[in-house]
**Q** 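Dropping a structure here in structure tokens format, bear with me for questions.
We count ligands from 1, going down the list as the structure has it; atoms in each ligand are counted the same way. Every heavy atom of this structure was used, including side-chain atoms; hydrogens, water molecules and symmetry mates were not. The shown structure was predicted, so the numbers you read here are calculated from the model rather than taken from an experiment.
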Amino acid sequence: MRILLLASAFNSLSQRLYAELRERRHLVDVQLAGDDDELRASLARLQPDLLLAPMLRTAIPQDVWSALTCLIVHPGPPGDRGPSSLDRAIQDGRAEWGVTVLQAEAEMDAGPVWAWAPCRLPERGKSDLYRNEVSDAAVAAALLAVERVASGCHTPQPQHGPGWRHPVRTRPLLRQEERRIDWAGDSTGTVLRRLRAADSQPGVLDALCGGEWYLHGGHREPVLRGRPGELLATRAGAVCRATPDGAVWIPELRRRRTPGGPATFKLPAVTALGALLPPVPEVPVPLMPGGREGAAWSDIRYREDGPVGFLRFSFPGGAMSTDHCRRLLEAYRFAAARPTSVLVLGGGRDFFSNGIHLNVIEAAPDQAAESWANITAMDDLVAEVLTTTDRLVVAAVAGNAAAGGVMLALAADEVWCRHGSVLNPHYRLMGLYGSEYWTYTLPRRVGAAEAERLTRQALPVSAAAAGRIGLVDRVLDCGPQEFGPSAARLAGLLAASPAAQRRIAAKKAAREADERAKPLEAYREEELAVMHRQFFTPESPYHALRSAFVRKRPAPAGSAAPM
Ligand code: COA
């Protein structure tokens, strides 16, 4: 079928559906919502059989939905209606939820149901759930709906009358008044539900250190206690705030926009507060914690299971600042000095990495200098992975990865991802040439022609396609919660296999041969020479693209050109 995807943003779910539908040989085009005349022009030109809207913040015009089957992906079970379904489900503490694909008509979410799929809601932030459990259910339901439309003989179920067994409930937009945290009265559980329901957008509006901020993300603190509402400590750029029965870690803050003022964007909490932060102690946890410390939140963790080491890291939005890269490099060096034969990187849930931290760069007084510091810190980390020759390194990509984050994974000996992962192995959309030794690792994996195609087309790649072209070695067919344990089990088998020691010896020889052919330093210098120009030329498209990206504005027209 010819399918037009209509989306308010080409976000993770739209990208995944785009890739999965193309996998199934459908002809897929994408139209960004917002301009109805542009939509009508696209429909006239493309003549699609179906319009599918995976993520839509605006209504489809009546003349469009009355002439063409238009399917809406709604992140709620059948009968649930309203614009804040997932937010409300999380804030209400629901453990089971669902995604419905329904036909667009005049009343929002009231059209006949073409398909739906249930999903679980483990205690995670909304955007993590959206990219994982909800995305799996959305893809299952959307593919079934597409199949049913294609069959030409399926009648969708109207939301009333015989055969309809679900309660119908319309719930309004979840506004800040309902999200507000009462620091003196709300339990830690309630605070966490509110933070998770608002993560990563819109955040929970709150007063802090004399200003108004949106709070983003939340993790339970097991030990620290204080006066409710008080800031108690910092860790890894996050702040810890007391509740009546505990405390929570808040990793990121976004300043409230002043009327008529410039758009604001999220930053690590400590960076955002700057001089406003009261004198609270930095309370680190050991990289390899024991006992009670095991429950403490940290963005980087190491553990061992016999011959396998696991270096887990999880940064909001997958963005890695200079500080993140340096701390991860230090942790990597620690892990690489341990007596293991297999080292697994990543492996938790959600984003593996999305490369350098564009928000932190945008907020820096000298953006070119911060871009440079960030990319060189990222390169130092990747170089350390590439030159590890005494053990096998596995990148366990639980969720999506993009740009330098994909290249970080490619530095490992094996790349494993989940079947729902979407990879964007290119930098072009940020107007960058890229570094992270991609000119060495990408062609080494997929061949020069495929590397050229991937970087030029700058399209998302599904896990299945990534497996086919050799971008990843293994695709794990499991749910988001099972990915970590499954990867751990496979890593154990890899370490125990008789081939492991042979592969380690062969790896060392191959690295030495590659180094003789062209030293890693030469790849780095060539890549960084281009990046230096792009960073330090004020008119280079990168600066305008980054500014638009962090402020969630559309990319300036014509600026994402290849170099
Ligand atoms: N720096 C800072 N923030 C980043 C980021 C980066 N490199 N990559 C993603 N994010 C943030 C997004 O702004 C978004 O923030 P929000 O939660 O406030 O909305 C969040 O992470 C999730 O990203 P989003 O774009 O909503 O996810 P997606 O799955 O729809 O799209 C990408 C993923 C990777 C395609 C898209 O985020 C992207 O293009 N990122 C930039 C990649 C890049 O160019 N990196 C720099 C070069 S190495």
**Q** Taking 4.0 Å as the limit for heavy-atom contacts, which would you say applies to Met378 with ligand 1: side chain only, backbone only, both, or neither?
**A**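 Under 4.0 Å from ligand 1, Met378 contributes no heavy atoms.
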**Q** Is Ile356 near ligand 1, meaning one of its heavy atoms is under 4.0 Å from it?
**A**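 So Ile356 counts as touching ligand 1.
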**Q** Yes or no: does Phe351 have any heavy atom under 4.0 Å from an atom of ligand 1?
**A**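 Yes, Phe351 has a heavy atom closer than 4.0 Å to ligand 1.
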**Q** What protein heavy atom is closest to atom 29 (O) of ligand 1, reported as residue, atom name and distance in Å?
**A**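 The closest heavy atom on the protein side is Ser12 CB, 3.0 Å.
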**Q** Is the Phe10-Tyr18 ring centre distance short of 6.0 angstrom?
**A**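 Under 6.0 Å, so yes.
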**Q** N/O of His357 under 3.5 Å from N/O of ligand 1, yes or no?
**A**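 No - when backbone and side-chain N and O of His357 are compared with those of ligand 1, no distance drops under 3.5 Å.
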**Q** Quiz question: by atom type and distance under 3.5 Å, do the side chains of Ser540 and Gln534 form a donor-acceptor pair?
**A**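 Distance-only check fails for Ser540 and Gln534.
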**Q** Backbone or side chain, does any N or O of Leu358 fall under 3.5 Å from an N or O of ligand 1?
**A**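 Leu358 vs ligand 1: N/O contact under 3.5 Å present.
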**Q** Looking only at distance, does Ser200 have an N or O less than 3.5 Å from an N or O of ligand 1?
**A**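 It does: an N or O of Ser200 is found under 3.5 Å from an N or O of ligand 1.
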**Q** Which bit of His216 gets closer than 4.0 Å to ligand 1, counting heavy atoms only: side chain, backbone, both or neither?
**A**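 Neither part.
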**Q** Does an N or O from Asn424, backbone or side chain, lie closer than 3.5 Å to an N or O of ligand 1?
**A**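 It does not: no N or O of Asn424 is found under 3.5 Å from an N or O of ligand 1.
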**Q** If the contact criterion is a heavy-atom separation under 4.0 Å, does Lys552 count as touching ligand 1?
**A**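 Under 4.0 Å: yes for Lys552.
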**Q** For Arg131, state whether at least one heavy atom is located under 4.0 Å from any atom of ligand 1.
**A**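 Judged by the 4.0 Å heavy-atom criterion, Arg131 does count as contacting ligand 1.
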